[in-house]
Number of protein chains: 2
Amino acid sequence: MTSCDLCVVRNRAICSALDGRELAALNAIGRTRNIVAGESLIWEGEESVLVANVIEGVLKLSTNTEDGREQIVGVVYPSDFIGRPFGGTAGQGVTALTDAKVCVFARRDFDAFAREHPGLEHKLLERTLGELDRTRRWMLLLGRKSASEKVASFLVEMAERLSGAGCRIDAEDPNRRWLVLPFSRQQIADVLGLTIETVSRQFTRLKTQGIVELPSRRDVVVLDFQGLVAEAG
Amino acid sequence: MTSCDLCVVRNRAICSALDGRELAALNAIGRTRNIVAGESLIWEGEESVLVANVIEGVLKLSTNTEDGREQIVGVVYPSDFIGRPFGGTAGQGVTALTDAKVCVFARRDFDAFAREHPGLEHKLLERTLGELDRTRRWMLLLGRKSASEKVASFLVEMAERLSGAGCRIDAEDPNRRWLVLPFSRQQIADVLGLTIETVSRQFTRLKTQGIVELPSRRDVVVLDFQGLVAEAG
DNA sequence: CGAGCAGTTGAGGATCATCAACGGATGTGG
DNA sequence: CCACATCCGTTGATGATCCTCAACTGCTCG
(Lines give C-alpha, C1' and ligand atoms only; values in the text may rest on other atoms or scores of the structure.)
Protein backbone atom coordinates (compact mmCIF):
# COMPACT_ATOMS: atom_id res chain seq x y z
CA MET A 1 0.00 0.00 0.00
CA THR A 2 1.37 3.35 -1.01
CA SER A 3 0.72 6.62 0.73
CA CYS A 4 -1.10 7.63 -2.46
CA ASP A 5 -3.97 5.39 -1.43
CA LEU A 6 -4.69 7.78 1.40
CA CYS A 7 -4.19 10.91 -0.67
CA VAL A 8 -7.16 13.25 -0.58
CA VAL A 9 -6.52 14.53 -4.10
CA ARG A 10 -5.92 11.05 -5.49
CA ASN A 11 -8.91 11.20 -7.81
CA ARG A 12 -8.62 14.78 -8.91
CA ALA A 13 -4.88 15.27 -9.50
CA ILE A 14 -3.08 14.07 -12.62
CA CYS A 15 -2.27 10.86 -10.72
CA SER A 16 -5.84 9.74 -11.42
CA ALA A 17 -4.56 8.56 -14.81
CA LEU A 18 -2.53 5.81 -13.14
CA ASP A 19 -3.43 2.32 -11.95
CA GLY A 20 -2.26 0.87 -8.64
CA ARG A 21 0.97 -0.52 -9.98
CA GLU A 22 1.94 2.72 -11.75
CA LEU A 23 0.95 4.71 -8.73
CA ALA A 24 3.35 2.71 -6.60
CA ALA A 25 6.14 3.53 -9.05
CA LEU A 26 5.29 7.22 -8.96
CA ASN A 27 5.07 7.12 -5.20
CA ALA A 28 8.59 5.71 -5.10
CA ILE A 29 10.08 8.82 -6.72
CA GLY A 30 8.02 11.40 -4.84
CA ARG A 31 7.66 12.50 -1.27
CA THR A 32 5.27 14.73 0.59
CA ARG A 33 6.47 17.99 2.02
CA ASN A 34 4.89 20.51 4.34
CA ILE A 35 5.27 24.20 3.66
CA VAL A 36 4.42 27.03 6.01
CA ALA A 37 2.62 30.15 4.82
CA GLY A 38 5.06 32.52 3.19
CA GLU A 39 7.62 29.86 2.34
CA SER A 40 8.72 29.47 -1.28
CA LEU A 41 9.01 26.19 -3.11
CA ILE A 42 10.34 27.47 -6.43
CA TRP A 43 12.17 30.69 -7.29
CA GLU A 44 11.68 32.62 -10.50
CA GLY A 45 14.52 32.30 -12.98
CA GLU A 46 16.20 29.35 -11.32
CA GLU A 47 16.64 26.11 -13.15
CA SER A 48 13.57 23.94 -12.83
CA VAL A 49 14.56 21.20 -10.38
CA LEU A 50 11.25 20.12 -8.96
CA VAL A 51 7.60 19.73 -9.75
CA ALA A 52 4.73 18.91 -7.42
CA ASN A 53 1.09 18.22 -6.84
CA VAL A 54 -0.73 20.34 -4.32
CA ILE A 55 -2.41 18.27 -1.61
CA GLU A 56 -3.51 20.96 0.83
CA GLY A 57 -3.39 24.74 0.95
CA VAL A 58 -3.18 27.59 -1.54
CA LEU A 59 -0.04 28.83 -3.29
CA LYS A 60 0.71 31.76 -5.56
CA LEU A 61 2.73 31.94 -8.77
CA SER A 62 4.42 35.30 -9.18
CA THR A 63 6.86 37.25 -11.31
CA ASN A 64 8.72 40.41 -10.40
CA THR A 65 10.30 43.28 -12.26
CA GLU A 66 13.93 44.05 -11.48
CA ASP A 67 12.88 47.04 -9.42
CA GLY A 68 10.63 44.99 -7.18
CA ARG A 69 7.13 45.32 -8.57
CA GLU A 70 5.24 42.05 -8.26
CA GLN A 71 2.51 40.45 -10.30
CA ILE A 72 0.73 37.31 -9.12
CA VAL A 73 0.14 35.33 -12.31
CA GLY A 74 -1.62 32.31 -10.91
CA VAL A 75 -3.09 30.73 -7.82
CA VAL A 76 -3.04 26.99 -7.25
CA TYR A 77 -5.33 24.87 -5.11
CA PRO A 78 -5.39 21.25 -3.96
CA SER A 79 -5.03 18.78 -6.87
CA ASP A 80 -3.30 21.39 -9.05
CA PHE A 81 0.10 20.71 -10.54
CA ILE A 82 3.02 23.09 -10.12
CA GLY A 83 6.44 23.47 -11.70
CA ARG A 84 7.90 23.32 -15.16
CA PRO A 85 8.49 19.82 -16.52
CA PHE A 86 10.66 19.17 -19.57
CA GLY A 87 13.56 21.48 -19.09
CA GLY A 88 14.14 25.15 -18.92
CA THR A 89 14.01 27.55 -16.08
CA ALA A 90 11.15 28.28 -13.74
CA GLY A 91 9.19 31.13 -15.29
CA GLN A 92 7.68 32.18 -11.99
CA GLY A 93 8.17 31.73 -8.28
CA VAL A 94 5.87 29.54 -6.22
CA THR A 95 5.10 30.61 -2.66
CA ALA A 96 2.62 29.30 -0.11
CA LEU A 97 -0.18 31.69 0.83
CA THR A 98 -1.43 29.33 3.56
CA ASP A 99 0.27 26.42 5.23
CA ALA A 100 0.38 23.75 2.57
CA LYS A 101 1.20 20.16 1.83
CA VAL A 102 2.60 19.13 -1.53
CA CYS A 103 3.80 15.95 -3.18
CA VAL A 104 7.16 16.80 -4.76
CA PHE A 105 9.23 15.09 -7.44
CA ALA A 106 12.68 15.76 -8.81
CA ARG A 107 11.94 17.18 -12.22
CA ARG A 108 14.24 14.73 -14.02
CA ASP A 109 12.58 11.76 -12.36
CA PHE A 110 9.14 13.10 -13.14
CA ASP A 111 10.05 13.85 -16.76
CA ALA A 112 11.28 10.30 -17.28
CA PHE A 113 8.24 8.82 -15.59
CA ALA A 114 5.83 10.99 -17.54
CA ARG A 115 7.36 10.06 -20.88
CA GLU A 116 6.69 6.43 -20.10
CA HIS A 117 3.10 7.04 -19.05
CA PRO A 118 1.12 8.75 -21.80
CA GLY A 119 -2.02 8.74 -19.69
CA LEU A 120 -0.29 10.92 -17.14
CA GLU A 121 0.98 13.26 -19.83
CA HIS A 122 -2.50 13.48 -21.23
CA LYS A 123 -3.93 14.54 -17.87
CA LEU A 124 -1.17 17.08 -17.53
CA LEU A 125 -1.89 18.36 -21.03
CA GLU A 126 -5.60 18.80 -20.30
CA ARG A 127 -4.76 20.60 -17.09
CA THR A 128 -2.23 22.85 -18.79
CA LEU A 129 -4.63 23.72 -21.61
CA GLY A 130 -7.27 24.64 -19.05
CA GLU A 131 -4.82 26.74 -17.08
CA LEU A 132 -3.76 28.55 -20.25
CA ASP A 133 -7.39 29.37 -21.03
CA ARG A 134 -7.98 30.64 -17.53
CA THR A 135 -4.78 32.69 -17.59
CA ARG A 136 -5.67 34.30 -20.89
CA ARG A 137 -9.09 35.27 -19.62
CA TRP A 138 -7.40 36.91 -16.63
CA MET A 139 -5.39 39.05 -19.07
CA LEU A 140 -8.62 40.75 -20.13
CA LEU A 141 -9.07 41.84 -16.53
CA LEU A 142 -5.51 43.13 -16.23
CA GLY A 143 -5.51 44.99 -19.51
CA ARG A 144 -9.01 46.33 -19.83
CA LYS A 145 -10.93 46.45 -16.57
CA SER A 146 -11.29 49.30 -14.09
CA ALA A 147 -10.36 49.00 -10.42
CA SER A 148 -13.96 48.41 -9.36
CA GLU A 149 -14.45 45.73 -12.02
CA LYS A 150 -11.18 44.10 -11.02
CA VAL A 151 -12.06 43.81 -7.34
CA ALA A 152 -15.57 42.56 -8.08
CA SER A 153 -14.17 40.01 -10.56
CA PHE A 154 -11.68 38.89 -7.96
CA LEU A 155 -14.38 38.21 -5.39
CA VAL A 156 -16.51 36.36 -7.93
CA GLU A 157 -13.54 34.21 -8.90
CA MET A 158 -12.76 33.52 -5.24
CA ALA A 159 -16.34 32.51 -4.55
CA GLU A 160 -16.06 30.00 -7.38
CA ARG A 161 -12.57 28.66 -6.75
CA LEU A 162 -12.92 28.35 -3.00
CA SER A 163 -16.23 26.53 -3.11
CA GLY A 164 -15.90 23.80 -0.57
CA ALA A 165 -12.90 24.99 1.39
CA GLY A 166 -13.17 28.63 2.39
CA CYS A 167 -16.51 29.41 0.79
CA ARG A 168 -20.01 28.69 1.98
CA ILE A 169 -23.19 29.41 0.11
CA ASP A 170 -26.09 30.35 2.34
CA ALA A 171 -28.60 27.51 2.32
CA GLU A 172 -31.57 29.87 2.40
CA ASP A 173 -30.24 32.61 0.17
CA PRO A 174 -27.87 31.42 -2.59
CA ASN A 175 -27.17 35.06 -3.33
CA ARG A 176 -25.36 35.27 0.00
CA ARG A 177 -21.90 33.71 0.42
CA TRP A 178 -19.21 33.64 3.02
CA LEU A 179 -15.56 33.59 1.96
CA VAL A 180 -12.29 33.26 3.85
CA LEU A 181 -9.68 34.81 1.58
CA PRO A 182 -6.23 33.24 1.47
CA PHE A 183 -4.87 36.68 0.47
CA SER A 184 -3.72 39.80 2.26
CA ARG A 185 -4.76 43.13 0.79
CA GLN A 186 -1.31 43.53 -0.73
CA GLN A 187 -1.56 40.14 -2.39
CA ILE A 188 -4.97 41.00 -3.80
CA ALA A 189 -3.38 44.14 -5.20
CA ASP A 190 -0.62 42.00 -6.74
CA VAL A 191 -3.20 39.75 -8.38
CA LEU A 192 -5.15 42.65 -9.84
CA GLY A 193 -2.35 44.99 -10.85
CA LEU A 194 -3.47 47.67 -8.38
CA THR A 195 -2.09 49.26 -5.22
CA ILE A 196 -3.14 48.21 -1.76
CA GLU A 197 -4.85 51.57 -1.18
CA THR A 198 -7.01 51.22 -4.27
CA VAL A 199 -8.04 47.70 -3.26
CA SER A 200 -8.90 48.93 0.21
CA ARG A 201 -11.02 51.76 -1.13
CA GLN A 202 -12.89 49.40 -3.44
CA PHE A 203 -13.63 47.07 -0.52
CA THR A 204 -15.06 49.86 1.58
CA ARG A 205 -17.09 51.09 -1.38
CA LEU A 206 -18.61 47.61 -1.81
CA LYS A 207 -19.31 47.60 1.92
CA THR A 208 -20.93 51.06 1.78
CA GLN A 209 -23.09 49.94 -1.15
CA GLY A 210 -24.30 46.96 0.86
CA ILE A 211 -22.85 44.38 -1.53
CA VAL A 212 -20.49 42.85 1.05
CA GLU A 213 -19.80 42.79 4.77
CA LEU A 214 -16.25 42.68 6.12
CA PRO A 215 -16.30 41.05 9.57
CA SER A 216 -12.52 40.69 9.63
CA ARG A 217 -9.45 41.15 7.45
CA ARG A 218 -9.70 37.83 5.69
CA ASP A 219 -13.46 37.35 5.83
CA VAL A 220 -15.88 38.57 3.22
CA VAL A 221 -19.62 38.01 3.37
CA VAL A 222 -21.13 38.57 -0.04
CA LEU A 223 -24.64 39.85 0.50
CA ASP A 224 -25.52 40.28 -3.15
CA PHE A 225 -23.67 37.88 -5.40
CA GLN A 226 -25.65 38.97 -8.46
CA GLY A 227 -24.72 42.56 -7.77
CA LEU A 228 -21.11 41.54 -7.56
CA VAL A 229 -21.28 39.73 -10.88
CA ALA A 230 -22.85 42.84 -12.40
CA GLU A 231 -19.99 44.97 -11.07
CA ALA A 232 -17.45 42.56 -12.53
CA GLY A 233 -18.33 43.75 -16.03
CA MET B 1 3.85 11.34 -50.72
CA THR B 2 1.76 13.55 -48.50
CA SER B 3 1.49 17.28 -48.75
CA CYS B 4 3.19 17.33 -45.34
CA ASP B 5 6.46 16.44 -47.06
CA LEU B 6 6.45 19.85 -48.65
CA CYS B 7 5.31 21.67 -45.52
CA VAL B 8 7.64 24.49 -44.52
CA VAL B 9 6.88 24.07 -40.82
CA ARG B 10 7.17 20.27 -40.97
CA ASN B 11 10.18 20.18 -38.65
CA ARG B 12 9.09 22.84 -36.19
CA ALA B 13 5.39 22.15 -35.67
CA ILE B 14 4.09 19.41 -33.39
CA CYS B 15 3.96 17.14 -36.46
CA SER B 16 7.71 16.70 -36.10
CA ALA B 17 6.93 14.00 -33.53
CA LEU B 18 5.53 11.76 -36.25
CA ASP B 19 7.17 9.38 -38.71
CA GLY B 20 6.20 9.15 -42.37
CA ARG B 21 3.46 6.61 -41.84
CA GLU B 22 1.85 8.52 -38.99
CA LEU B 23 2.17 11.75 -40.90
CA ALA B 24 0.22 10.27 -43.77
CA ALA B 25 -2.55 9.35 -41.35
CA LEU B 26 -2.61 12.85 -39.90
CA ASN B 27 -2.56 14.32 -43.35
CA ALA B 28 -5.66 12.29 -44.20
CA ILE B 29 -7.74 14.03 -41.54
CA GLY B 30 -6.44 17.57 -42.13
CA ARG B 31 -6.55 20.08 -44.94
CA THR B 32 -4.84 23.37 -45.62
CA ARG B 33 -6.84 26.53 -45.68
CA ASN B 34 -6.03 30.07 -46.70
CA ILE B 35 -7.25 32.97 -44.64
CA VAL B 36 -7.20 36.62 -45.60
CA ALA B 37 -6.14 39.34 -43.18
CA GLY B 38 -8.99 40.19 -40.84
CA GLU B 39 -10.79 36.90 -41.28
CA SER B 40 -11.59 34.83 -38.17
CA LEU B 41 -10.98 31.12 -37.83
CA ILE B 42 -12.42 30.63 -34.34
CA TRP B 43 -14.90 32.69 -32.35
CA GLU B 44 -14.74 33.23 -28.62
CA GLY B 45 -17.28 31.26 -26.63
CA GLU B 46 -18.29 28.93 -29.42
CA GLU B 47 -17.87 25.23 -29.07
CA SER B 48 -14.40 24.15 -30.07
CA VAL B 49 -14.84 22.48 -33.47
CA LEU B 50 -11.45 22.86 -35.06
CA VAL B 51 -7.77 23.06 -34.28
CA ALA B 52 -4.91 23.96 -36.59
CA ASN B 53 -1.23 24.44 -37.21
CA VAL B 54 -0.10 27.78 -38.58
CA ILE B 55 1.89 27.41 -41.80
CA GLU B 56 2.19 31.03 -42.88
CA GLY B 57 1.17 34.40 -41.48
CA VAL B 58 0.42 35.87 -38.09
CA LEU B 59 -2.83 35.53 -36.14
CA LYS B 60 -4.14 37.02 -32.92
CA LEU B 61 -5.98 35.41 -30.02
CA SER B 62 -8.39 37.82 -28.38
CA THR B 63 -11.11 38.12 -25.78
CA ASN B 64 -13.70 40.85 -25.43
CA THR B 65 -15.83 42.26 -22.65
CA GLU B 66 -19.55 42.43 -23.23
CA ASP B 67 -19.33 46.16 -23.83
CA GLY B 68 -16.78 45.79 -26.62
CA ARG B 69 -13.39 46.31 -25.01
CA GLU B 70 -10.81 43.98 -26.54
CA GLN B 71 -7.67 42.38 -25.19
CA ILE B 72 -5.28 40.50 -27.45
CA VAL B 73 -4.08 37.60 -25.30
CA GLY B 74 -1.73 35.90 -27.70
CA VAL B 75 -0.10 36.11 -31.09
CA VAL B 76 0.71 33.01 -33.12
CA TYR B 77 3.32 32.53 -35.81
CA PRO B 78 4.19 29.79 -38.30
CA SER B 79 4.56 26.36 -36.66
CA ASP B 80 2.38 27.39 -33.70
CA PHE B 81 -0.68 25.38 -32.77
CA ILE B 82 -4.11 26.98 -32.35
CA GLY B 83 -7.40 25.87 -30.95
CA ARG B 84 -8.63 23.98 -27.91
CA PRO B 85 -8.29 20.22 -28.11
CA PHE B 86 -10.12 17.89 -25.69
CA GLY B 87 -13.49 19.45 -25.35
CA GLY B 88 -14.92 22.62 -24.06
CA THR B 89 -15.52 25.93 -25.69
CA ALA B 90 -13.02 28.20 -27.37
CA GLY B 91 -11.71 30.58 -24.71
CA GLN B 92 -10.67 33.18 -27.23
CA GLY B 93 -11.23 34.16 -30.82
CA VAL B 94 -8.58 33.59 -33.48
CA THR B 95 -8.28 36.15 -36.27
CA ALA B 96 -5.69 36.59 -39.00
CA LEU B 97 -3.58 39.74 -38.77
CA THR B 98 -1.96 39.05 -42.13
CA ASP B 99 -2.99 36.74 -44.92
CA ALA B 100 -2.32 33.29 -43.57
CA LYS B 101 -2.24 29.61 -44.38
CA VAL B 102 -3.18 27.03 -41.78
CA CYS B 103 -3.52 23.27 -41.61
CA VAL B 104 -6.89 22.59 -39.98
CA PHE B 105 -8.36 19.50 -38.34
CA ALA B 106 -11.79 18.73 -37.01
CA ARG B 107 -11.25 18.78 -33.26
CA ARG B 108 -12.80 15.36 -32.73
CA ASP B 109 -10.58 13.78 -35.36
CA PHE B 110 -7.52 15.47 -33.92
CA ASP B 111 -8.40 14.45 -30.37
CA ALA B 112 -8.73 10.81 -31.36
CA PHE B 113 -5.51 10.90 -33.36
CA ALA B 114 -3.59 12.58 -30.58
CA ARG B 115 -4.71 10.07 -27.97
CA GLU B 116 -3.23 7.33 -30.12
CA HIS B 117 0.06 9.14 -30.64
CA PRO B 118 1.73 10.00 -27.34
CA GLY B 119 4.69 11.58 -29.12
CA LEU B 120 2.36 14.14 -30.66
CA GLU B 121 0.69 14.82 -27.34
CA HIS B 122 4.10 15.27 -25.78
CA LYS B 123 5.07 17.90 -28.35
CA LEU B 124 1.76 19.63 -27.78
CA LEU B 125 2.33 19.53 -24.03
CA GLU B 126 5.79 21.07 -24.34
CA ARG B 127 4.41 23.76 -26.59
CA THR B 128 1.48 24.48 -24.26
CA LEU B 129 3.76 24.68 -21.22
CA GLY B 130 5.98 27.14 -23.06
CA GLU B 131 3.01 29.21 -24.14
CA LEU B 132 1.71 29.29 -20.57
CA ASP B 133 5.08 30.57 -19.34
CA ARG B 134 5.19 33.24 -22.00
CA THR B 135 1.60 34.28 -21.29
CA ARG B 136 2.25 34.58 -17.57
CA ARG B 137 5.28 36.75 -18.18
CA TRP B 138 3.12 39.00 -20.33
CA MET B 139 0.76 39.44 -17.34
CA LEU B 140 3.57 41.26 -15.53
CA LEU B 141 3.55 43.77 -18.35
CA LEU B 142 -0.22 44.21 -18.29
CA GLY B 143 -0.48 44.54 -14.53
CA ARG B 144 2.62 46.40 -13.53
CA LYS B 145 4.30 48.27 -16.37
CA SER B 146 3.86 51.89 -17.47
CA ALA B 147 2.84 52.87 -20.98
CA SER B 148 6.43 53.61 -22.01
CA GLU B 149 7.65 50.29 -20.65
CA LYS B 150 4.80 48.50 -22.38
CA VAL B 151 5.55 49.93 -25.80
CA ALA B 152 9.29 49.34 -25.47
CA SER B 153 8.65 45.76 -24.29
CA PHE B 154 6.35 45.24 -27.25
CA LEU B 155 9.00 46.32 -29.75
CA VAL B 156 11.63 44.14 -28.07
CA GLU B 157 9.29 41.16 -28.22
CA MET B 158 8.50 41.85 -31.86
CA ALA B 159 12.18 42.06 -32.73
CA GLU B 160 12.64 38.63 -31.20
CA ARG B 161 9.53 36.89 -32.47
CA LEU B 162 9.74 38.24 -36.01
CA SER B 163 13.39 37.36 -36.48
CA GLY B 164 13.58 35.87 -39.95
CA ALA B 165 10.28 37.04 -41.39
CA GLY B 166 9.62 40.71 -40.80
CA CYS B 167 12.78 41.55 -38.88
CA ARG B 168 16.28 42.20 -40.11
CA ILE B 169 19.30 42.84 -37.95
CA ASP B 170 21.77 45.24 -39.45
CA ALA B 171 24.90 43.30 -40.46
CA GLU B 172 27.22 46.10 -39.41
CA ASP B 173 25.41 47.31 -36.33
CA PRO B 174 23.54 44.59 -34.40
CA ASN B 175 22.04 47.34 -32.29
CA ARG B 176 20.06 48.46 -35.35
CA ARG B 177 17.05 46.45 -36.52
CA TRP B 178 14.31 46.81 -39.05
CA LEU B 179 10.83 45.48 -38.28
CA VAL B 180 7.63 45.20 -40.31
CA LEU B 181 4.87 45.04 -37.73
CA PRO B 182 1.87 42.80 -38.42
CA PHE B 183 -0.19 45.12 -36.19
CA SER B 184 -2.12 48.34 -36.62
CA ARG B 185 -1.82 50.92 -33.87
CA GLN B 186 -5.19 49.87 -32.50
CA GLN B 187 -4.05 46.26 -32.35
CA ILE B 188 -0.88 47.23 -30.52
CA ALA B 189 -3.09 49.08 -28.05
CA ASP B 190 -5.19 45.92 -27.66
CA VAL B 191 -2.08 43.86 -26.94
CA LEU B 192 -0.78 46.30 -24.34
CA GLY B 193 -3.99 47.30 -22.62
CA LEU B 194 -3.68 50.94 -23.71
CA THR B 195 -5.52 53.32 -26.03
CA ILE B 196 -4.44 54.02 -29.58
CA GLU B 197 -3.59 57.60 -28.64
CA THR B 198 -1.24 56.57 -25.86
CA VAL B 199 0.50 54.10 -28.15
CA SER B 200 0.89 56.78 -30.79
CA ARG B 201 2.37 59.24 -28.30
CA GLN B 202 4.86 56.65 -27.06
CA PHE B 203 5.95 55.93 -30.63
CA THR B 204 6.59 59.58 -31.35
CA ARG B 205 8.43 59.93 -28.06
CA LEU B 206 10.74 57.05 -29.00
CA LYS B 207 11.25 58.72 -32.37
CA THR B 208 12.02 62.08 -30.76
CA GLN B 209 14.52 60.42 -28.43
CA GLY B 210 16.28 58.87 -31.42
CA ILE B 211 15.60 55.31 -30.35
CA VAL B 212 13.53 54.44 -33.44
CA GLU B 213 12.67 55.74 -36.89
CA LEU B 214 9.18 55.36 -38.34
CA PRO B 215 9.44 55.35 -42.14
CA SER B 216 5.83 54.18 -42.53
CA ARG B 217 2.88 52.99 -40.49
CA ARG B 218 3.95 49.39 -40.26
CA ASP B 219 7.73 49.89 -40.39
CA VAL B 220 9.93 50.48 -37.38
CA VAL B 221 13.68 50.92 -37.58
CA VAL B 222 15.18 50.37 -34.15
CA LEU B 223 18.29 52.55 -33.97
CA ASP B 224 19.22 51.64 -30.40
CA PHE B 225 18.09 48.18 -29.40
CA GLN B 226 19.92 48.35 -26.08
CA GLY B 227 18.16 51.60 -25.30
CA LEU B 228 14.86 49.94 -26.10
CA VAL B 229 15.62 47.03 -23.77
CA ALA B 230 16.50 49.52 -21.04
CA GLU B 231 13.17 51.30 -21.55
CA ALA B 232 11.32 47.97 -21.32
CA GLY B 233 12.05 47.80 -17.59
C1' DC C 1 1.43 49.40 27.84
C1' DG C 2 3.89 50.12 23.73
C1' DA C 3 5.69 48.19 19.47
C1' DG C 4 4.73 46.38 15.15
C1' DC C 5 1.95 45.07 11.47
C1' DA C 6 -2.08 45.29 8.30
C1' DG C 7 -5.42 47.95 6.73
C1' DT C 8 -7.95 52.39 6.16
C1' DT C 9 -8.55 57.11 5.02
C1' DG C 10 -7.23 61.57 3.13
C1' DA C 11 -4.86 65.03 0.11
C1' DG C 12 -2.50 65.87 -3.95
C1' DG C 13 -0.56 64.73 -8.26
C1' DA C 14 0.96 61.81 -12.35
C1' DT C 15 -0.52 59.00 -15.78
C1' DC C 16 -3.38 57.66 -19.05
C1' DA C 17 -8.16 57.91 -21.14
C1' DT C 18 -11.41 60.71 -23.48
C1' DC C 19 -12.99 63.92 -26.74
C1' DA C 20 -11.97 66.56 -30.61
C1' DA C 21 -9.51 68.39 -34.47
C1' DC C 22 -6.25 67.67 -37.84
C1' DG C 23 -2.86 65.38 -41.29
C1' DG C 24 -1.43 62.20 -44.67
C1' DA C 25 -2.16 58.30 -47.62
C1' DT C 26 -5.18 55.78 -50.65
C1' DG C 27 -8.97 55.18 -53.61
C1' DT C 28 -13.13 56.79 -56.35
C1' DG C 29 -15.80 59.38 -59.34
C1' DG C 30 -16.57 63.44 -61.90
C1' DC D 1 -6.22 65.18 -63.21
C1' DC D 2 -8.27 66.96 -59.36
C1' DA D 3 -11.98 67.22 -55.83
C1' DC D 4 -13.67 64.31 -52.27
C1' DA D 5 -14.32 60.62 -49.14
C1' DT D 6 -12.36 57.33 -46.15
C1' DC D 7 -9.22 55.21 -43.23
C1' DC D 8 -5.51 55.35 -40.07
C1' DG D 9 -2.64 57.75 -37.31
C1' DT D 10 -1.11 62.00 -34.86
C1' DT D 11 -1.57 65.88 -31.89
C1' DG D 12 -3.77 68.83 -28.44
C1' DA D 13 -6.78 70.01 -24.44
C1' DT D 14 -9.09 68.34 -20.60
C1' DG D 15 -10.38 65.32 -17.03
C1' DA D 16 -10.99 60.82 -14.54
C1' DT D 17 -8.73 57.26 -12.54
C1' DC D 18 -5.51 55.46 -9.93
C1' DC D 19 -0.92 56.07 -7.68
C1' DT D 20 1.95 58.26 -4.14
C1' DC D 21 2.85 59.99 0.18
C1' DA D 22 1.29 60.56 4.73
C1' DA D 23 -1.29 60.13 8.88
C1' DC D 24 -4.07 57.36 11.49
C1' DT D 25 -6.77 53.20 13.37
C1' DG D 26 -7.38 48.73 15.21
C1' DC D 27 -5.20 44.18 16.36
C1' DT D 28 -1.97 41.19 18.08
C1' DC D 29 1.78 40.05 20.78
C1' DG D 30 5.54 40.56 23.66
Side-chain angles (χ1 to χ4, degrees), chain A residues 37-38 60 65 67-72 97-98 140-155 179-209 212-221 231 233, chain B residues 37-38 65 67-71 97-98 140-155 179-209 212-221 231 233:
Chain A
K60 67 171 183 176
T65 56
D67 61 341
R69 287 171 284 180
E70 174 160 332
Q71 177 67 45
I72 294 179
L97 294 176
T98 65
L140 178 64
L141 174 142
L142 288 177
R144 292 298 184 199
K145 290 194 179 178
S146 67
S148 59
E149 290 172 322
K150 283 180 176 181
V151 170
S153 300
F154 171 81
L155 290 174
L179 316 181
V180 182
L181 301 178
F183 297 94
S184 70
R185 291 287 188 274
Q186 180 61 59
Q187 286 161 348
I188 296 172
D190 290 336
V191 170
L192 299 176
L194 297 170
T195 60
I196 183 173
E197 294 95 331
T198 300
V199 171
S200 181
R201 279 185 249 270
Q202 293 301 326
F203 268 90
T204 61
R205 190 184 53 75
L206 288 172
K207 186 174 66 176
T208 308
Q209 295 187 356
V212 302
E213 273 173 7
L214 303 170
S216 83
R217 292 180 171 179
R218 298 289 184 121
D219 289 309
V220 179
V221 180
E231 282 251 351
Chain B
T65 56
D67 62 341
R69 288 170 283 179
E70 174 160 335
Q71 178 67 46
L97 294 176
T98 65
L140 178 63
L141 173 142
L142 287 178
R144 291 300 183 196
K145 290 194 180 179
S146 67
S148 59
E149 291 172 323
K150 284 180 175 181
V151 171
S153 300
F154 171 80
L155 289 173
L179 316 180
V180 181
L181 301 177
F183 296 94
S184 70
R185 291 287 188 273
Q186 181 60 59
Q187 286 161 348
I188 296 172
D190 290 336
V191 170
L192 298 176
L194 297 171
T195 59
I196 183 174
E197 295 93 332
T198 300
V199 171
S200 180
R201 279 185 249 270
Q202 292 301 327
F203 268 90
T204 62
R205 191 185 53 76
L206 288 171
K207 186 174 66 176
T208 308
Q209 295 187 357
V212 303
E213 273 173 4
L214 302 170
S216 83
R217 292 179 171 179
R218 297 292 184 119
D219 290 308
V220 179
V221 180
E231 282 250 355

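Labels below follow one simple rule: chain letters A, B, ... track the order of the sequence lines, proteins then strands, and each chain is numbered from 1.
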>> In whole Å, I'd like the distance from the CD atom of A:Q186 to the P atom of D:dC19.
In response: 11 Å

>> Does a side-chain N or O of B:S146 approach OP1 or OP2 of C:dT15 to a distance below 4.0 Å, or not?
In response: no

> Hey, which of these two, A:L194 or B:L214, hits DNA chain D nearer its 5' end, going by closest nucleotide?
Replying inline: B:L214

>> Rounding to an integer number of Å, can you tell me how far A:F183 CZ sits from C:dA6 C1'?
In response: 17 Å

> Counting side-chain heavy atoms from C-beta on, which of C:dT18, D:dC19, C:dG7 comes nearest to B:T195?
Replying inline: C:dT18

> Rounded to the nearest Å, what distance is computed from the CD1 atom of residue A:I196 to the P atom of nucleotide C:dG10?
Replying inline: 17 Å

> Within the modelled atom types, does a donor on one side and an acceptor on the other bring the side chain of B:R201 and the base of C:dT18 under 3.5 Å apart?
Replying inline: yes

> For the pair made of CG in A:D67 and C1' in D:dT20, what is the distance, rounded to whole Å?
Replying inline: 15 Å

>> Keeping B:T208 on the side-chain end and B:T204 on the backbone end, is there a donor-acceptor pair under 3.5 Å?
In response: yes

>> Without decimals, in angstroms, what is the distance between A:R205 CZ and D:dT17 C1'?
In response: 13 Å

> B:K150 has an atom NZ; how far is it from atom C1' of C:dC16, in whole Å?
Replying inline: 10 Å

>> Does C:dA6 have OP1 or OP2 under 4.0 Å away from a side-chain N or O of A:S184?
In response: no

>> Using whole Å, what does the distance between atom P of nucleotide C:dA25 and atom CZ of B:R185 come to?
In response: 14 Å

>> By nearest atom, which of the nucleotides D:dG9, C:dG7, C:dA20 is closest to the B:E197 side chain?
In response: C:dA20

>> Using a 3.5 Å distance criterion without hydrogens, assess whether the side chain of A:Q187 forms a donor-acceptor pair with backbone atoms of A:S184.
In response: yes

> Does any N or O donor sit under 3.5 Å from an N or O acceptor when you compare the side chain of B:R217 with the base of D:dC8?
Replying inline: yes

>> From CG of A:D190 over to C1' of C:dA6, roughly how many Å is that when rounded to an integer?
In response: 14 Å

> Considering all heavy atoms of both residues, which atom of B:D190 and which atom of A:R144 are nearest to each other, and what is their separation?
Replying inline: OD1-NH2, 2.8 Å

> Looking at D:dC18, does its base get a donor-acceptor pair with the side chain of A:Q202 below 3.5 Å?
Replying inline: no

>> When you measure from the side chain of A:R185 to the backbone of A:R217, do you find a donor-acceptor pair of N or O atoms at a distance under 3.5 Å?
In response: yes

>> Checking the side chain of B:Q202 only, and the main-chain atoms of B:V199 only, is there a donor and an acceptor separated by less than 3.5 Å?
In response: no

